[in-house]
**Student:** 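Below are the C-alpha cells for one structure; questions will follow.
Convention: sequence-line order gives letters A, B, ...; per-chain numbering from 1. Treat the numbers as computed from the prediction; the structure is a model and nothing was measured.
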2 protein chains.
Amino acid sequence: MSFVYEYPRPAVTVDAVVYGYQAEELRVLLIERGGPPFRGAWALPGGFLGENEDLPDAVRRELLEETGVAPLHLEQLGSWGTPGRDPRGHTITVAYTALVRLSGHTAKADTDAADARWFPVDGLPDLAFDHGEILDAARERLIESVRTRPVGFDLLPDLFSLTELQTLVETVMGEPLDKRNFRKKLQSLDMLIPTGEYESGVPRRAAQLYRFDRAMYDKLSAEGFQFRL
Amino acid sequence: MSFVYEYPRPAVTVDAVVYGYQAEELRVLLIERGGPPFRGAWALPGGFLGENEDLPDAVRRELLEETGVAPLHLEQLGSWGTPGRDPRGHTITVAYTALVRLSGHTAKADTDAADARWFPVDGLPDLAFDHGEILDAARERLIESVRTRPVGFDLLPDLFSLTELQTLVETVMGEPLDKRNFRKKLQSLDMLIPTGEYESGVPRRAAQLYRFDRAMYDKLSAEGFQFRL
DNA sequence: ACCCCTTAGTGTACCGGCTACACTATCACT
DNA sequence: AGTGATAGTGTAGCCGGTACACTAAGGGGT
C-alpha cells in the first residue's frame, strides 16, 4: 500500500522525555534502538505519528509499545525539525515530557526497542538523532517547573517525608536548600496533609509522612495563587 | 508531479502570531484567507512547510509572502495537531510568536492572502481553524514574557519615554502599575540609557527619551541575573 | 541497660525589596 | 499671564526571604 500527495511531506514523529526519581537520583527513560538508523544507540522513546492520531495519543502509544510505561500527565516541550536531523529524510518531531513514580514502573523493552532503561541524568550515554538537544531543553523546563509548580509530588510516592521532598527538589534544582526555611515555606502553603503515619524500619528517628493536597492546590491556583519554591 | 510514501503522512504547516504596538494598543497581524478552506475568514499568517526547509525559515518565508513583515526574533510557541483541526486532512502546525516595531511595518497583503491587517487584541474577529486557541496560548506566553524578559523594547521605537514603556507593560499585563515604583525599578536595573533628548511638539512638559542597553542586559543575563517586573 | 549514631523537628532576628502614597516642575497653548 | 496636562521625584511601613544551632527520638551495637 502506498500514499500519494501532490506536494512532498516531511514525516512527523513524537518523542517523550520521561523522568523518574529513585535512590535520590533523577532518571530518564531511554530505549536502545532495535533498527536503523542508529541501531544499537540509545534514544528517546517515540515514533511516527499515525494518520488522524492526536499527538498525545501517539506519545502514549509509543511509550507503551516501547517501554510499558504509562504516565499520567504529558506536557508538550517543543518541536524540532532542522533538515538533516534524521538521516531517513526531513522529519519533524514533537517532544513531550512526563513525570512518573518509579515504584511499579519497571521499564521493559518491547516492540521496536531492543532494551529500555532508566538512566541517571548525570550519566547519560550519547543519544541518537538530536535527542541530546531535546533532553537539554527538557532539563531546563523541569528546573523551571519544579520551582513554579508542585511537580515533585508526581515523582514521589503517595506518602513521603519532608526530607524526601526536599532532597528531590535539591536534586532537580542542583542546589542545596535550608531545611527550616523549606519546611516553613511548605507549611505556609497549606498544601501538605500530615498523615500521622511515620516511616518504619529506619535506623534513626522516624519521619512523619505527608500527602499532597491536590484539591487545595487546584483551588488556590484557580484563585490566582502562584506556587513558588 | 506527485510524491509517494509507504505510510500516510500528516501535512505540516507553520503559523505566526506577530504582535505590534501602536496608539497604546497591542495588535496582532492577521490575514484574510484568499482560498479554501475558510475563504474570506481571518487567520494567522502561515502555510505549508517546504521539503528540507527549517521551521523558522518557513515562518519567515510565509510571513514575507503573505504580509511583507520580517520580524527579528522568532520564538516557538507550540504545536497543534488534533485530527479535524484542518478540514483538508490531518495537519500538524508549529506556531511561532514574534514582536515587531510597528513604525515602518505597514502590513500589505500579498500572495495567498486577500488582505493583511493589524487587529487590536481586544477586538479580534473569529478565526479560521483552531487559530483562536493558538492566539490564547500566545497571549499567555506574552504576559509571562513581559515580566521575565525585557520584551517591551522590541515593541517600542529605539527611543522611548518611561511613560510609553510603562503604558505598554500595563497594556500587556492588563493591570496598572505605580509610576514611581516602576521608574525606581527600571533605574535600579541599570539597563536604560538616558539620551538627554526629549519629546518635541507635545502640549505638556516633554519627557526624556531613553534607549535600551541590550549589551548590558546580555552581560547581566550571562551572570545569572533574572529580569523581573 | 546503656551508649552512640543518625536524622527529625523546631524559632528568631536581620535585611532587602515591594508597596502605598502626593506634590512640584515644565511645557504648549490660549 | 493663566490653564491644562503630564514629567519627575522620596520616604516610611510591611512582608517575605535568609541565615543560623540545638534538642528529640529511634535503632543498633556493646
**Student:** Using whole Å, report how far CD of Q187(B) lies from C1' of dA7(D).
**Tutor:**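 Rounded to whole Å, this separation is 12 Å.
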
**Student:** Going by the rule salt bridge (charged side-chain N to carboxylate O under 4.0 Å, His left out), which residues pair with D154(B) if we only count those two or more places apart in sequence or in a different chain?
**Tutor:**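 Salt bridge (charged side-chain N to carboxylate O under 4.0 Å, His left out) list for D154(B), sorted by chain: R214(B).
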
**Student:** Going by the ring pair (Phe, Tyr, Trp, His ring centres under 6.0 Å) test, which pairs reach into residues 155-208 of chain B, not counting sequence neighbours?
**Tutor:**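 Listed by first then second residue: F153(B)-F160(B).
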
**Student:** For Q22(B), does the CD atom sit with more than 12 other heavy atoms under 6.0 Å from it, leaving out its own atoms?
**Tutor:**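 It does: Q22(B) CD has more than 12 such atoms within range.
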
**Student:** Any sub-3.5 Å donor-acceptor pair from E170(B)'s side-chain atoms to L177(B)'s backbone N or O?
**Tutor:**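 The answer is yes, because a donor-acceptor pair under 3.5 Å joins these two groups.
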
**Student:** Ring centres of F119(B) and W42(B) under 6.0 Å apart?
**Tutor:**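 Centroid separation for F119(B) and W42(B): below 6.0 Å.
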
**Student:** Looking at residues at least two apart in the chain, or sitting in another chain, which of them share a salt bridge (charged side-chain N to carboxylate O under 4.0 Å, His left out) with R60(A)?
**Tutor:**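 Applying salt bridge (charged side-chain N to carboxylate O under 4.0 Å, His left out) to R60(A) gives none.
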
**Student:** Got a sec, which residues hit ring pair (Phe, Tyr, Trp, His ring centres under 6.0 Å) with Y217(B), two or more places apart in sequence or on another chain?
**Tutor:**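 Scan of Y217(B) (ring pair (Phe, Tyr, Trp, His ring centres under 6.0 Å), adjacent residues dropped) gives none.
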
**Student:** What is the per-nucleotide protein-contact pattern of nucleotides 11-20 of chain D, from the 5' end, where B denotes a base atom under 4.0 Å from a protein heavy atom, S denotes such proximity for sugar-phosphate atoms only, and - denotes neither?
**Tutor:** B-----SBBB

**Student:** Taking five pairs at each end of the helix from dA1(C)-dT30(D) to dT30(C)-dA1(D), what angle separates the two helix axes (nearest 10°)?
**Tutor:**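 It comes to 10° between the two terminal axes.
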
**Student:** To the nearest 0.5 Å, what is the distance between NE2 on H131(B) and CG on L124(B)?
**Tutor:**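 Atom-to-atom, H131(B):NE2 and L124(B):CG are 13.5 Å apart.
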
**Student:** Please list, chain by chain and in numerical order, all residues satisfying salt bridge (charged side-chain N to carboxylate O under 4.0 Å, His left out) with E164(B), sequence neighbours excluded.
**Tutor:**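 By the salt bridge (charged side-chain N to carboxylate O under 4.0 Å, His left out) rule, E164(B) matches no residue at all.
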
**Student:** Look at atom CD of E24(B) and say whether more than 12 heavy atoms of other residues, nucleotides or ligands are closer to it than 6.0 Å.
**Tutor:**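 Result for CD/E24(B): open.
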
**Student:** At a heavy-atom distance below 4.0 Å, what parts of residues 168-175 of chain A sit against DNA chain D?
**Tutor:**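 DNA chain D contact set from residues 168-175 of chain A: none.
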
**Student:** Could you write nucleotides 22-30 of chain D as a row of B, S and -, 5' to 3', where a protein heavy atom under 4.0 Å of any base atom gives B, of only sugar-phosphate atoms gives S, and otherwise -?
**Tutor:** --BBBS---

**Student:** Would you say that more than 12 heavy atoms from the other residues, nucleotides or ligands in this model lie under 6.0 Å from the CG of D218(A), or not?
**Tutor:**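 Counting other residues, nucleotides and ligands, CG of D218(A) exceeds 12 neighbours.
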
**Student:** Tell me every residue that passes ring pair (Phe, Tyr, Trp, His ring centres under 6.0 Å) with F227(A), counting only those two or more places apart in sequence or in another chain.
**Tutor:**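 Checked F227(A) against ring pair (Phe, Tyr, Trp, His ring centres under 6.0 Å); zero matches.
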
**Student:** Anything under 4.0 Å to a heavy atom of chain B counts; send over the first and last such nucleotide of DNA chain C, read 5' to 3'.
**Tutor:**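 The contact span of chain B on DNA chain C goes from dC18(C) to dA28(C).
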
**Student:** Residues in salt bridge (charged side-chain N to carboxylate O under 4.0 Å, His left out) with R147(B), at least two apart?
**Tutor:**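 Here no residue qualifies.
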
**Student:** Given atom OH of Y198(B) and atom C1' of dG8(D), what is their separation to the nearest angstrom?
**Tutor:**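 Roughly 10 Å, once rounded to whole Å.
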
